[in-house]
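Letters A, B, ... mirror the listed sequences (proteins, then strands); counts begin at 1.
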Amino acid sequence: MNKIKVYNTLTQKKEEFIPRKEGEVSIYVCGVTPYSDAHLGHARPSVVWDVIRKYFRSRGYKVTLVQNFTDVDDKIIVRSQETGIPALDISGKYIEEYLRDMDELGVERADFYPKVSEHITEIVELVETLVEKDHAYSANGDVFFHVASFPEYGKLSKQKLDELRQGTRFEVDPNKRDATDFALWKSAKEGEPAWESPWGQGRPGWHIECSAMSLKYLGEGFDFHGGGNDLIFPHHENEIAQSEAATGEPLASYWVHNGMVNLKDTKMSKSIGNVITVGRLIEKHSKELLRFYLLSTHYRTELEYYDGKIEEVSKGWKRLNDAVSNLQESLSNADSGELSEKDLAVLDVLHDFEQEMEVAFSDDFNTARVLGILFEMVREINVYKHNRGTHEKVLQKACDLFQLYGSDILGIIQLEKANQDGLVDSLLDLVVELREDLRKDKNFGLADKIRYRLADLGITLEDTPQGTRWKV
RNA sequence: GGCGGCAUAGCCAAGCGGUAAGGCAGAGCUCUGCAAAAGCUCCAUUCCCCAGUUCAAAUCUGGGUGCCGCCUCCA
């Protein structure tokens with residue numbers, strides 16, 4: 001088996017993956033702040049990690065995936081104050097929507113979805129530890145992490161403390177000892193959600209929840225920490241500082257960051273407002289198509305979105321799916337018996353493709369490369385059938401590969417016929433049969449009319465030497 | 001200003017030292033009553049520019065140029 005290599009933001013190199021615990025993979029992916037609809041920029045990491053997780057599973061690993069919800073946050077509080085709706089109701093609603101959207105994208109649910117609001121105790125304990133160890137200090141009900149107390153600060157984002165101080169663009173909180181210090185705990189203001197703590201009523205700062213919750217669910221030094229590359233600084237940098245200052249152990253072994261989704265060369269972002277929501281896309285496109293689009297570029301590269309992009313991509317996607325569904329059809333009346341030389345040769349090639357896909361997946365999860373190989377496989381199998389190849393072993397092998405890589409791991413192939421009930425099936429079979437008679441009588445006018453009218457209804461008829469087939 | 005990343009055909013996109021995968025679009029052809037699907041052929045002497053290292057560079061080094069992200073909430 002190929003060794004799995006992963007690009008680690010921390011070392012800026014591809015490294016061989018060595019699990020913390022033999023046969024197991026632990027993953028923490030930064031989730032969303034639930035105060036508005038999920039958009040493509042949220043879909044990307046979810047789909048990418050869904051694929052990574054499924055790939056690991058195919059390699060026999062037991063995977064634990066944690067994705068948090070930051071449901072205590074300024075934005076949510078502001079929205080709550082504007083609308084009068086309790087903050088947790090707002091976040092609760094968007095959490096539900098987020099989960100539903102991800103379901104619609106075929107993303108398997110994480111093992112844990114911890115929320116800040118349900119982990120205040122753990123967070124307070126972690127802050128206390130940091131205060132005890134002199135990595136944090138309290139001032140007027142706030143608690144700050146003292147960045148200078150952690151010499152390795154900046155190791156993830158490659159920043160120098162001095163440069164960061166100069167880069168400070170906003171007014172520095174007078175309670176801070178140093179401009180780069182950041183809040184672990186914020187004292188309560190009027191009308192804000194607040195919890196009891198040793199420093200009075202207050203709430204957690206950003207960053208600290210991920211440290212507390214990853215520690216709780218995955219322990220020290222878990223395998224992967226993921227998220228968008230916009231989180232590298234300050235979020236992940238601060239997580240590292242807090243967690244490692246508290247435990248003395250590395251937070252995670254591999255830091256994996258996905259590239260942004262851009263709209264007109266600009267990052268898609270809630271605060272900019274240039275957002276394409278998942279809900280809107282899923283209305284128009286199948287989850288397999290959307291995943292195909294998201295996975296057609298390597299996860300670390302920026303991904304461009306524009307109107308019509310999905311439609312463009314869909315043509316290639318259709319070729320892949322058509323090939324697979326035609327393949328399944330051929331399989332239902334395949335031959336067994338002795339394998340010819342031609343059969344053996346194709347079987348060989350398929351075996352090579354399998355190896356190549358393994359190489360591609362294990363080389364930093366190169367899904368774009370896998371897609372390329374899948375298309376090469378499409379040609380190979382189409383040529384095989386074109387040359388009247390019909391052996392069950394060959395067709396089955398191809399089917400298995402499409403199933404494993406295209407469907408089980410990538411989730412880009414619709415394997416089950418988009419199905420309706422049996423009545424539609426039999427009615428269409430009847431129509432096809434009647435039309436067959438018309439064609440035999442050379443009544444092409446009527447036969448074509450049937451085909452056009454069905455096309456209007458979204459049903460495609462294809463006349464092949466083996467008879468007519470229909471597709472929805 | 002600091003840090004990180006990217007630049008490959010009309011478009012999308014692999015490639016990571018051994019002589020340019022794949023998809024879309026386009027051109028021609030085969031099959032076919034016509035369509036569709038499928039197949040075949042063609043479509044980057046060249047990888048932003050300039051130096052250098054090497055027998056060999058899209059791939060490494062140095063210097064430019066352009067774009068993106070982060071330094072403020074962000075996937």
Pick the P atom in C16(B) and in C60(B), then give their distance to the nearest Å. 10 Å

Considering only side-chain heavy atoms of A368(A), which listed nucleotide, C11(B), A13(B), G39(B), is closest? A13(B)

Name the nucleic acid region contacted by S269(A), choosing base, sugar-phosphate or nothing; use a 4.0 angstrom heavy-atom cut-off, strictly under. base

Describe the nucleic acid contact of Q12(A) in one word from base, sugar-phosphate, nothing, applying a heavy-atom distance below 4.0 Å. sugar-phosphate

Does Q67(A) place a side-chain N or O at less than 4.0 Å from the phosphate oxygens OP1/OP2 of A75(B)? no

Using a distance-only criterion (donor-acceptor N/O pair, under 3.5 Å, no hydrogens), is the base of C34(B) paired with the side chain of D463(A)? yes

So what does G227(A) hit on the nucleic acid, given a heavy-atom distance under 4.0 Å: a base, only sugar-phosphate, or nothing? sugar-phosphate

Of H225(A), H235(A), E239(A), E237(A), which meets side chain to side chain contact (heavy atoms under 4.5 Å, CB included) against L156(A)? E237(A)

Can you see if the side chain of T464(A) gets near the phosphate of A37(B) - specifically, an N or O under 4.0 Å from OP1 or OP2? no

Base of G5(B) paired with side chain of N229(A) (donor-acceptor, under 3.5 Å): no

Pick out which of H285(A), E288(A), K309(A) makes a side chain to side chain contact (heavy atoms under 4.5 Å, CB included) with Y293(A). K309(A)

Centroid distance under 5.5 Å and plane angle under 30°, F444(A) vs G33(B): yes

Tell me which of L461(A) and T297(A) sits closer to the 5' end of RNA chain B, going by the nucleotide each one is nearest to. T297(A)

For the side chain of S271(A) and the base of C73(B), is some donor closer than 3.5 Å to an acceptor across the two? yes

Considering only atom C1', compute the distance from G26(B) to C43(B) and round it to an integer number of Å. 8 Å

Which part of the nucleic acid, if any, lies within contact of N387(A), taking any heavy atom under 4.0 Å across all strands shown: a base, the sugar-phosphate backbone alone, or nothing? nothing

Using whole Å, what does the distance between atom P of nucleotide A75(B) and atom NZ of K75(A) come to? 8 Å

Side-chain donor or acceptor of N8(A) paired with backbone N/O of K13(A) under 3.5 Å: no

Ignoring backbone atoms, test whether H42(A) places a side-chain nitrogen or oxygen under 4.0 Å from the OP1 or OP2 oxygen of A75(B). yes

With a 6.0 Å cut-off on the ring centroids, do F17(A) and F224(A) count as close? yes

If you draw a 6.0 Å radius around CZ in R280(A), do more than 12 non-hydrogen atoms from other residues or ligands fall strictly inside? no

Sugar-phosphate, base or nothing in reach of G31(A), heavy atoms under 4.0 Å: sugar-phosphate

Does N258(A) reach a base, just sugar-phosphate, or nothing at all? Heavy atoms under 4.0 Å. base

K158(A) side chain near G5(B) phosphate (N/O to OP1/OP2, under 4.0 Å): no

Could you check whether the side chain of R300(A) and the base of G5(B) have a donor-acceptor pair of N or O atoms closer than 3.5 Å, going by distance alone? no

Aromatic ring centroids of Y35(A) and Y94(A) under 6.0 Å? no

For V261(A), report the nucleic acid contact type (base, sugar-phosphate, nothing); a contact means any heavy atom under 4.0 Å. base

For a quick test of reading the model: is some side-chain N or O of R379(A) closer than 4.0 Å to OP1 or OP2 of G23(B)? yes

L303(A) CG to C6(B) P, in whole Å, measures 16 Å

Checking all strands, does I232(A) fall into the base, sugar-phosphate, or nothing category for heavy-atom contacts under 4.0 angstrom? nothing

Can you work out whether T266(A) or D448(A) has the more 5'-proximal nearest nucleotide on RNA chain B? D448(A)

For F69(A) and A75(B), give me the distance from atom CZ to atom C1', rounded to whole Å. 12 Å

Quiz item: R451(A) side-chain donor-acceptor pair to A35(B) base, under 3.5 Å: yes

N366(A) has an atom CG; how far is it from atom C1' of A21(B), in whole Å? 11 Å

Between C11(B) and A51(B), how far apart are the P atoms? Round to whole Å, please. 26 Å

Between C68(B) and A13(B), how far is it from one P atom to the other, in whole Å? 16 Å

Please check: side-chain N/O of N366(A) versus main-chain N/O of H298(A), any donor-acceptor pairing under 3.5 Å? no

Would you call K385(A) and N382(A) a side-chain contact if the rule is heavy atoms closer than 4.5 Å? yes

So, is R319(A) close to the G39(B) phosphate, meaning a side-chain N or O under 4.0 Å from OP1 or OP2? yes

Look at all strands and tell whether Q159(A) reaches a base, only sugar-phosphate, or nothing, counting heavy atoms closer than 4.0 Å. base

Side-chain N,O (N382(A)) to OP1/OP2 (G39(B)) below 4.0 Å: yes

Strand partner of A25(B), provided both Watson-Crick or wobble distances fall under 3.5 Å: none

Separation between the C1' atoms of G17(B) and G22(B), rounded to whole Å: 23 Å

Pick the C1' atom in G15(B) and in A21(B), then give their distance to the nearest Å. 8 Å

At under 4.0 Å between heavy atoms, what does R44(A) touch on the DNA or RNA strands: base, sugar-phosphate, or nothing? nothing

Rounding to an integer number of angstrom, what distance separates U41(B) and G4(B) when you compare their P atoms? 47 Å

S187(A) backbone acceptor or donor facing D142(A) side chain under 3.5 Å: yes

Separation of E237(A) atom CD from G4(B) atom P, in whole Å? 12 Å

Using atom P of each nucleotide, how far apart are G33(B) and A20(B) to the nearest Å? 43 Å

So what does G316(A) touch, heavy atoms closer than 4.0 Å: a base, only the sugar-phosphate, or nothing? sugar-phosphate

Once you apply the 3.5 Å cut-off to both distances, tell me the Watson-Crick or G-U wobble partner of G66(B), or none. C6(B)

So do K93(A) and I85(A) actually touch side chain to side chain, heavy atoms under 4.5 Å? no

Under 4.0 angstrom between K270(A) side-chain N/O and A75(B) OP1 or OP2: yes

Just name whichever nucleotide pairs with C43(B), Watson-Crick or G-U, keeping both distances under 3.5 Å, else none. none

Tell me: CG of L161(A) to C1' of C3(B), nearest whole Å? 14 Å

Hey, does H298(A) reach any base, or is it just sugar-phosphate, or nothing, if we go heavy atoms under 4.0 Å? sugar-phosphate

Pairing nucleotide - C31(B), Watson-Crick or G-U, each distance under 3.5 Å: none

K385(A) NZ to G39(B) P, in whole Å, measures 9 Å

Does A51(B) have a Watson-Crick or wobble mate here (both distances under 3.5 Å), and if so which one? U61(B)

